[in-house]
Amino acid sequence: MPFVISAHFLMDTYQGSDDTGQPEAYPSPERLYKALVSVAHTVFGFHAASSENERHFFERDIAAVFQWFEQNPPDAIHLPGKMRRNSRRNRDVIAYRDKGYWDKGQSAKTIEKVDGLHDVQSLKESRVGIATAYDDIDGNLVWQWSMAPDKQVCDTISALCWEVPYLGEACSPVVLHAREMKEEKYPLSGSLILDKQPLSLRHASLNEEFQIPEEGHLRELEDAYAKVNPHQKARKVAFSENEKTVVSNTLTQHVRNVGYLRPDAEDDSSKLRAPWSIGIFIPVEVLDEKKDQWRPRESQYVAWCVALHRLLVRLGGFGVTPVLTGKYEPDIERPANNVAIQILRDGDLPIDSDVSRRMGLPGFLVMVPRDAAGSDISTIVSLCESLRGRRLYYSKHFETLRLGKAVTDIDLSQFWEPVRPGFRRLWSPSPFCLRETRPIPNADPTRRWRAREDIALAVGHVWRDAFQPDSFSSKEEEYWGFVNAVLAADSPVRVSKAWTVARTQMGDYAHRTDSSVPLLGAMASLDLDLKTEREVAAIGQSRHLGGGLLVPVDYPERLAEDIVRGGERR
């Protein structure tokens with residue numbers, strides 16, 4: 001029979017930080033484990049002098065509980081809904097109380113109150129508490145196991161849970177209930193399911209990542225506590241209040257991270273998944289009295305995006321994540337995509353009205369790849385939040401920009417307007433797709449490398465997980481393998497009406513290219529079998545910085561079918 005532990009937060013808020021000091025939205029199974037360890041020692045006298053405590057639980061009963069937790073991570077987790085306290089700014093993190101500190105020998109000092117919502121950096125600086133607000137209708141966090149432990153362990157867990165006063169900080173009071181549940185109700189609707197596969201770049205976008213305890217974590221916690229709380233008689237030096245040692249927040253030698261698949265994470269191999277999953281929008285304003293709005297030309301897109309990219313890398317400093325820099329160690333497999341930056345101008349694109357209203361165009365859209373690790377995502381979000389108020393320019397001949405407050409939770413799978421009834425969505429790169437290679441000859445004399453092949457190769461590189469050739473002996477053979485896979489009859493991609501594009505100053509549309517590759521672009525109408533038909537993607541050599549953004553174009557069904565059928569054939 002399944003077994004659950006439910007957490008009801010009495011104030012509908014949770015406040016806690018992960019082992020890096022960053023605020024976390026939900027308590028992890030490892031945090032629950034720590035709370036139970038604390039209760040076992042302080043309330044039940046675990047490892048005390050007597051062998052049996054007042055609750056009639058023996059040492060072996062309590063030890064069996066922690067052994068069970070270390071061997072059985074939750075099979076499913078139901079997360080409470082997060083409530084947005086300020087819909088205009090659309091943030092989940094709220095500032096809600098003052099904090100003070102005591103300096104020995106002086107009067108108590110209280111930090112000045114900060115009202116409203118603030119970014120994480122400003123909250124750190126002001127020492128104001130931050131918390132995640134949970135929806136009071138769907139406010140219970142439930143850890144679920146498909147198979148309950150034996151009755152004695154269940155009873156002991158239930159008794160321990162009843163004594164837990166809070167999770168995270170003391171301002172997050174909680175009531176924990178442990179009980180068995182009916183088979184037909186497991187798992188609860190909308191629950192995250194434990195991913196049996198190890199965390200990897202391929203699966204990171206499908207996962208919510210949590211820490212769980214492993215065997216030996218109980219001893220790790222007990223040893224750390226004993227180290228910083230020696231017996232009073234053993235002390236030879238009287239430490240002042242400010243010199244006391246505190247328990248480290250990084251006791252993670254016997255802790256590991258696991259992923260839980262989101263409810264919509266079922267992988268449909270016939271569909272193309274979004275290459276980038278999280279968007280961060282950075283609004284801009286022009287520091288020029290003669291201009292009221294920023295409207296860069298298409299030939300300036302790459303230069304502006306390169307300028308912002310360099311600023312982010314500079315702020316990240318030495319060792320910043322390679323997902324941002326694109327520089328990987330030789331023995332590390334490169335992912336298909338890095339962080340991409342695109343420019344969005346007001347009124348140019350069919351962006352969903354709610355998304356557009358939240359962003360406040362114009363500005364930069366920083367796109368995080370769906371296979372980025374959770375730590376990399378946090379780093380990129382923090383860097384983007386730190387841009388607020390900074391100036392950006394790339395040439396003395398053009399305006400200087402001031403960067404605004406980043407909107408950090410743009411869902412790139414629901415970015416564009418929905419397809420209207422009776423219409424079919426095709427895609428076209430804007431301003432065009434910059435080719436990635438020179439024309440490559442083929443052993444078959446009837447096959448020629450043209451604009452259609454340039455587009456197919458660009459699509460194959462973006463969705464590498466779907467089109468990567470199984471085997472190849474040279475780079476040229478690999479490129480033709482991509483092309484053949486994209487243009488295959490059973491491919492989820494149809495390339496129609498492809499043609500070559502050339503501009504007077506083609507160098508303005510490229511960031512870094514091989515000297516052997518002619519600077520030419522390609523255009524086409526693409527029919528993509530995407531999971532949502534509203535997701536953001538970009539193709540071509542400059543897709544990461546200012547080029548190749550796939551813009552949706554909706555046609556009536558019959559006209560769209562004629563375009564696809566009348567496309568260029570091999």
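Expressed to the nearest 0.5 Å, how far SG of C433 lies from CD1 of I539 amounts to 4.0 Å. Between the CG atom in D354 and the CE atom in M359 there is a gap of 11.0 Å [rounded to 0.5 Å]. In this structure, CZ in R438 is found 11.5 Å from OG in S515, a value given to the nearest 0.5 Å. Distance check: S471 OG to E477 CD gives 7.0 Å after rounding to the nearest 0.5 Å. Going from atom CZ of F415 over to atom CG of L344 covers 5.0 Å, rounded to the nearest 0.5 Å. Rounding to the nearest 0.5 Å places CZ of R494 at 12.0 Å from CG of L526.
I212 has its side chain out of reach of E30: every pair of non-hydrogen atoms, C-beta onward, lies at least 4.5 Å apart. Under the 4.5 Å side-chain criterion, counting only non-hydrogen atoms from C-beta, I341 is not in contact with W304. I351 is listed as a side-chain neighbour of W416, based on a closest heavy-atom distance under 4.5 Å. Contact of the D411 side chain with the V355 side chain is not registered, since no non-hydrogen atoms from C-beta on lie closer than 4.5 Å. Between Y509 and S299 the shortest side-chain heavy-atom distance falls below 4.5 Å. Using a 4.5 Å cut-off on side-chain heavy atoms (C-beta onward), L550 and L528 make contact. No side-chain heavy atom of D376 sits less than 4.5 Å from a side-chain heavy atom of V368. Two residues are said to be in side-chain contact when any heavy atoms from C-beta on lie closer than 4.5 Å; L312 and V339 fail this criterion.
Among the candidates F364, F398, Y301, the single residue satisfying the ring pair (Phe, Tyr, Trp, His ring centres under 6.0 Å) test with W294 is F364.
Of all non-hydrogen atoms in A522 and F432, the two that sit nearest each other are O-CB, 3.7 Å. Nearest heavy atoms, Y328 versus P335: OH-CG, 3.2 Å. In terms of heavy atoms, S430 sits closest to E298 at OG-OE2, 4.3 Å. Here the closest heavy-atom approach between residue S525 and residue I563 is recorded as CB-CG2, 4.2 Å. Across all their heavy atoms, V323 and P369 have their closest contact at CG1-CG, 3.7 Å. Smallest separation of non-hydrogen atoms from G540 and A458: N-CB, 3.6 Å.
With salt bridges taken as basic N to acidic carboxylate O contacts below 4.0 Å, one links K475 and E478. Salt bridge present: D409 and R358 bring a charged side-chain N and a carboxylate O closer than 4.0 Å. In this structure, R424 pairs ionically with D527, as a charged nitrogen and a carboxylate oxygen lie closer than 4.0 Å. Using a 4.0 Å cut-off between a side-chain N of Lys or Arg and a carboxylate O of Asp or Glu, R297 and D508 do not qualify as a salt bridge. A salt bridge links D465 with R370: at least one charged nitrogen is closer than 4.0 Å to a carboxylate oxygen.
The backbone N or O of R512 sits less than 3.5 Å from a side-chain atom of Q541, completing a donor-acceptor pair. Remark: the backbone N or O of T325 is not paired with any side-chain donor or acceptor of H309 at under 3.5 angstrom. A donor-acceptor distance shorter than 3.5 angstrom exists from the side chain of Q342 to the backbone of G547, with no hydrogens or angles considered. A donor-acceptor pair under 3.5 Å is formed between the side chain of H544 and the backbone N or O of N338. In this structure, W427 contributes its side chain and L549 its backbone to no donor-acceptor pair below 3.5 Å.
Residues Y394 and R310 bring no donor and acceptor atom of their side chains to less than 3.5 Å of each other.
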Is there a side-chain contact (heavy atoms from CB on, under 4.5 Å) between L272 and V493? Walk through the geometry before answering. CA-CA 9 Å; L272 295 174; V493 179; 3.7 Å; yes
Check the pair D75 / M147 against side-chain contact (heavy atoms from CB on, under 4.5 Å), numbers first and verdict last. CA-CA 9 Å; D75 298 304; M147 184 62 66; over 6 Å; no
Does the side chain to side chain donor-acceptor pair (under 3.5 Å) test come out yes or no for Q144 and S191, once each step is laid out? CA-CA 9 Å; Q144 308 161 61; S191 295; 2.9 Å; yes
After noting the C-alpha distance and the side-chain angles of I282 and C384, does the key distance pass the side-chain contact (heavy atoms from CB on, under 4.5 Å) rule? CA-CA 8 Å; I282 303 173; C384 291; 4.2 Å; yes
Start with the C-alpha distance between L192 and L261, add both sets of side-chain angles, then the distance that settles side-chain contact (heavy atoms from CB on, under 4.5 Å), and finish with yes or no. CA-CA 5 Å; L192 281 67; L261 294 172; over 6 Å; no
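Under the side chain to side chain donor-acceptor pair (under 3.5 Å) criterion, the residue pairs touching residues 454-463 are R435-D454, E436-H461, W449-D454, with sequence neighbours excluded.
A 6.0 Å sphere centred on CD of E557 holds more than 12 heavy atoms belonging to other residues, nucleotides or ligands. Under a cut-off of 6.0 angstrom, the local environment of CZ in R448 is sparse, with at most 12 non-hydrogen atoms contributed by other residues, nucleotides or ligands.
By the side-chain contact (heavy atoms from CB on, under 4.5 Å) test, A456 is found to be paired with V483, V486, L487, residues two or more places apart in sequence or in another chain being considered.
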